[in-house]
2 protein chains.
Amino acid sequence: MSSPTPEQVWAELQGFVEAHAVRKRLRERLGTAMGTGGGKVKLLLLLESSALSHGEVAEALGVDRPYTTVLVNALEEQGLVERRTDSDDRRRKLVALTEQGRRTVSDAREVIDTPPAALDRLSPAELTSLSKILAKLHG
Amino acid sequence: MSSPTPEQVWAELQGFVEAHAVRKRLRERLGTAMGTGGGKVKLLLLLESSALSHGEVAEALGVDRPYTTVLVNALEEQGLVERRTDSDDRRRKLVALTEQGRRTVSDAREVIDTPPAALDRLSPAELTSLSKILAKLHG
DNA sequence: TATTGTTATACTCTATAACTATA
DNA sequence: TATAGTTATAGAGTATAACAATA
């Protein structure tokens, strides 16, 4: 029995991640409140580590600044983030998670970080093997 | 050295597929002509095997029929598909790839089916191992 | 004058409701 | 009257251009 081709393995890999699409699981968990585009969720996850200015948000998210304003407005109206004018440079506004926003992010984190149940069926040896292979793919 | 946790492996797996996102590669290959939503590309791939009625397209794509009309209109204007009234039931219209559409699909297929270069770096043994693990995950 | 954020506007993707033609 | 497709309209997501405030 010969080894599979890279094409076959690639197809299998695509099938697996397709089947366990995180976006779909996120939608199920967070409901429709956060829309279908990934922008709002990405922004919340981004703010998890620290508050950022609009410019920094735009840069990190790969969107432009007008749209950043739209995103921040929407999340602010939902009470998930708040704006604070930077006292050093009064043009800048820092966007930070509110307490409620922090809870929402924890919720999303849980979905994103929880591996699909299928992964639990792998033996320690298989996990090690898979991890090594992925490391080689990354490097 | 203990084996990695499912959480760690899952994070690595997500990182890999993120880095080699097919959608991004498709956009690079097909340019902006086919828009940013996946609808048009999915429809072309769907028609690869056979012509379908609007209703069948809607069903297979998971969109409604009005939007199917929009998609078909757009691809028809680009010369990639054509409509043909079904002679048995004159209400139905079959959507089929044109010759140009068929070439475009071949192009897309190539992008989708081509594994990232990283996969070529795996040995036959590693490919076998990865394939077996993925099979177990799927089953 | 350059930079930060905002407003106004527009374009793409997709859905819902009302309509036309054929069955 | 039911079904296939279409048109009209609307809403979400995102971009571009012009603007206001601060530096």
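Chain letters run A, B, ... following the sequence lines, proteins first, then strands; residues in each count from 1.
The CG atom of A:Asp64 sits 15 Å away from the P atom of C:dT7 (whole-angstrom rounding). A straight line from CZ of B:Arg27 to P of C:dT12 spans 15 Å, rounded to a whole angstrom.
B:Asp86 is linked by a salt bridge (charged side-chain N to carboxylate O under 4.0 Å, His left out) to B:Arg92, counting only residues two or more places apart in sequence or in another chain. Taking the side chain to side chain contact (heavy atoms under 4.5 Å, CB included) definition, one finds that B:Arg103 meets it with B:Glu99, B:Gln100, sequence neighbours left out. A search for side chain to side chain contact (heavy atoms under 4.5 Å, CB included) contacts involving A:Arg65 returns A:Ala58, not counting sequence neighbours. For B:Glu110, the salt bridge (charged side-chain N to carboxylate O under 4.0 Å, His left out) partners are B:Arg29, not counting sequence neighbours. Residues satisfying the side chain to side chain contact (heavy atoms under 4.5 Å, CB included) criterion with A:Glu82, sequence neighbours excluded, are A:Thr98.
Looking at A:Thr128, its side chain does come within 3.5 Å of a backbone N or O of A:Pro124 through a donor-acceptor pair. The closest donor-acceptor contact from the side chain of A:Glu56 to the backbone of A:Ser53 lies under 3.5 Å. Looking only at distances, a side-chain donor or acceptor of A:Trp10 sits under 3.5 Å from a matching main-chain atom of B:Ile112. The backbone N or O of A:Leu127 sits nowhere less than 3.5 Å from a side-chain atom of A:Ser131 that would complete a donor-acceptor pair.
For residues 65-75 of chain B, proximity to DNA chain D is found at B:Arg65, B:Pro66, B:Thr69, defined as any non-hydrogen atom under 4.0 angstrom from a strand atom. Near-neighbour residues of DNA chain D inside residues 42-62 of chain B, defined by a heavy atom below 4.0 Å, number-ordered: B:Ser53, B:His54, B:Gly55. Near DNA chain D, meaning a heavy atom under 4.0 Å from it, residues 81-95 of chain B has B:Arg83, B:Arg91, B:Arg92, B:Lys93 in order of number.
Sorted by first and then second residue, the side chain to side chain donor-acceptor pair (under 3.5 Å) pairs with a member in residues 72-81 of chain A read A:Asn73-A:Arg83, A:Glu76-A:Arg83; sequence neighbours excluded. Counting only residues at least two apart or on different chains, the side chain to side chain donor-acceptor pair (under 3.5 Å) pairs with a member in residues 114-125 of chain A are A:Ser123-A:Glu126.
B:Leu119 CG to A:Leu137 CG: the interatomic distance, rounded to the nearest 0.5 Å, is 5.5 Å.
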Do any side-chain atoms of residues 34-49 of chain B form donor-acceptor pairs under 3.5 angstrom with protein atoms, and if so which ones, sequence neighbours left out?
from, atom 1, to, atom 2, distance (Å)
B:Glu48, OE1, B:Arg109, NE, 3.0
B:Glu48, OE1, B:Arg109, NH2, 3.2
B:Glu48, OE2, B:Arg109, NE, 3.4

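Reading DNA chain D from its 5' end, the first and the last nucleotide to sit under 4.0 Å from a heavy atom of chain B are D:dA2 to D:dT7.
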